[in-house]
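So the structure is just underneath, and the comments pick up after that.
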Amino acid sequence: MRLEPIRDPSAKAVAGRSGAYLMLHNTSEVVTPDPQGQRIVRYPKGAVVFQDGRVVEVGNGADLLRRHGEARPINANGRLVTPGLVDCHTHMIFAGHRADELQRKLAGESYVKIAASGGGIQTTVRATAAERDDTLEKSLAGRLERWRAAGCTTVEVKSGYGVKPQAELRLLTLIRGAVQRVPVRVQRTALLLHALPKEFKDRRADYVQSMVDLLPEIRRRELATSVDAFCDPAAFTVDECRRVLVPARELGLGLRLHAEQLARSGGAQLAAELEALSADHLEKATEEDWAALAQSGTVGVLLPAAALTLGHKLPKASMLRRSGARVAVATDFNPGTAPAQSLLECAALATRLCGFTADEMLLSVTWNAAKALGLEAQVGHLNPGTWGDAVAWECETLEELPYWMPAVRPDCVFLRGADLALPALERRVWP
Ligand code: NIG
Ligand code: FE
């Protein structure tokens with residue numbers, strides 16, 4: 001048996017001064033969720049102290065200056081400081097694009113009809129299969145760089161455009177390779193039920209079983225920390241998803257589910273029943289579905305770019321508040337429904353479409369998104385013991401984050417307390 005160690009960038013030394021004792025000060029305000037993610041705390045003229053890559057204290061700048069006189073000061077030049085953002089749902093490894101499909105959708109053709117005519121996910125599966133390994137790996141690394149430059153220090157990346165078992169393993173291996181190239185925290189997800197290959201049309205059960213059979217290898221080689229499936233009448237049934245998710249859970253993998261996107265089919269209830277980390281999309285979910293997610297502690301992930309592309313409505317903030325569920329917002333970056341390259345811009349859209357407050361918006365892309373990845377003890381807030389992942393933004397107040405479109409850019413991005421150089425020029429996101 002060949003055991004390969006998990007290559008988590010948080011375990012590797014980041015260029016810069018991550019080992020040092022630093023204080024980020026002279027901010028307009030430091031704004032962070034509290035440790036339990038219950039509310040947003042603001043420290044006007046606040047500061048954050050990092051040591052050995054972790055936050056040791058956050059608070060009033062003058063107080064911290066007195067207590068941490070030895071720390072090397074880093075001047076935030078009067079800017080807003082928040083935790084690094086967390087994009088908890090992307091399909092970042094793929095080749096090509098499907099710009100033509102947007103035109104077809106806008107002309108009235110449905111997503112399901114385009115897929116049934118041989119387009120949709122299968123188009124990207126073919127383009128990805130035809131692409132060279134090194135090109136896919138490098139383009140994913142370039143995308144991760146772009147996400148970091150937009151303020152994301154933790155990003156989830158799913159496989160899913162392999163579709164055949166060996167092709168999914170190929171993508172998971174390439175994701176692991178790309179992660180080595182870029183100083184971003186990446187959580188890898190095996191999206192094992194995405195679209196049924198044509199040759200399995202009359203053998204659905206065999207296909208599902210072939211994906212179940214991959215689980216031990218994914219676990220043994222630590223190719224992913226969670227498993228996802230597309231639960232929809234146009235994709236896979238609740239029972240088919242359950243057949244993959246239950247053994248995944250037994251192996252200690254986290255669960256997530258694309259649920260109630262095109263139609264309500266019971267995915268949210270399944271996610272709640274299995275205590276999944278997240279249920280994502282939920283455009284067709286009911287208030288009962290949201291209440292079930294609240295009960296199980298499953299984060300509901302909204303994907304405004306996909307909702308806009310497909311002409312779906314997002315839920316209202318008032319209903320979400322009543323449900324008591326935790327809500328995250330993510331890009332869903334993919335070539336079909338969400339060619340969205342800025343998490344903050346997606347959050348700005350969700351703020352308007354749902355009616356979120358600025359505090360709710362920040363929670364949705366920090367603490368709540370970290371919880372959707374099972375990382376809420378480590379990232380998504382700036383409190384003692386968390387990783388020193390932070391952003392100094394080119395603005396002064398939290399309210400400006402969901403306000404500007406295009407979104408506010410980071411001035412500095414810190415990972416484990418290290419101030420990383422940002423790419424001066426961003427490459428295009430497709431090969
Ligand atoms: O999250 N819903 C399924 N998967 C993707 C879209 C995939 C595609 O169209 O390529 C999504 O929207
Ligand atoms: Fe998705």
Side-chain angles (χ1 to χ4, degrees), residues 89-132 135-136 139-140 143 157-168 170-171 174-175 189-204 207-208 210-211 228-237 240-241 257-265 267 280-284 303-313 330-341 346 428-431:
H89 182 143
T90 84
H91 305 249
M92 246 188 222
I93 187 154
F94 63 85
H97 66 80
R98 303 197 331 249
D100 56 323
E101 281 184 14
L102 176 61
Q103 299 301 312
R104 287 168 69 181
K105 274 178 216 124
L106 296 175
E109 218 175 325
S110 76
Y111 180 72
V112 172
K113 193 156 168 245
I114 293 170
S117 72
I121 293 172
Q122 297 296 351
T123 304
T124 303
V125 169
R126 285 190 294 274
T128 306
E131 190 53 274
R132 289 160 45 137
T135 306
L136 278 174
S139 93
L140 173 57
R143 287 168 183 165
V157 180
K158 302 177 198 299
S159 67
Y161 290 113
V163 173
K164 292 191 190 115
Q166 288 312 312
E168 286 302 323
R170 171 192 182 225
L171 294 184
L174 292 175
I175 296 170
T189 299
L191 171 49
L192 295 182
L193 297 181
H194 198 194
L196 187 75
K198 257 212 306 288
E199 54 269 40
F200 284 94
K201 201 165 83 36
D202 302 316
R203 294 189 292 131
R204 293 183 70 92
Y207 180 71
V208 174
S210 68
M211 289 304 185
D228 198 345
F230 183 12
C231 187
D232 195 272
F236 294 91
T237 67
E240 288 167 340
C241 294
L257 201 58
H258 284 66
E260 330 297 1
Q261 180 189 18
L262 306 173
R264 181 167 185 253
S265 70
D280 305 49
H281 283 290
L282 301 168
E283 291 89 339
K284 306 286 191 220
L303 306 164
L308 273 180
T309 301
L310 299 185
H312 295 153
K313 285 209 174 70
T331 58
D332 193 19
F333 181 61
N334 75 70
T337 60
Q341 300 164 44
C346 290
R428 31 191 265 172
V429 293
W430 59 94

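Heavy-atom basis, side chains included; hydrogens, waters and symmetry copies ignored.
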State, with a plain yes or no, whether a side-chain heavy atom of F230 is found less than 4.5 Å away from one of L262. yes

With a 4.5 Å heavy-atom cut-off, do L191 and Y161 have their side chains touching? no

Backbone of [Y] reached by a side-chain donor or acceptor of [X] within 3.5 Å:
X    : Y    : answer
N334 : D332 : yes
T189 : K158 : no
Q261 : L282 : no
T128 : A95  : yes
E168 : V163 : yes
E131 : F94  : no
Q122 : L196 : yes

In terms of side-chain heavy atoms, does H89 have a donor or acceptor partner in H281 at a distance below 3.5 Å? no

For residues S265 and D232, report the shortest heavy-atom separation together with the two atoms involved. OG-CA, 3.9 Å

Does NZ or CZ of R204 lie under 6.0 Å from the centre of the six-membered ring of Y207, at an angle within 45° of the ring axis? no

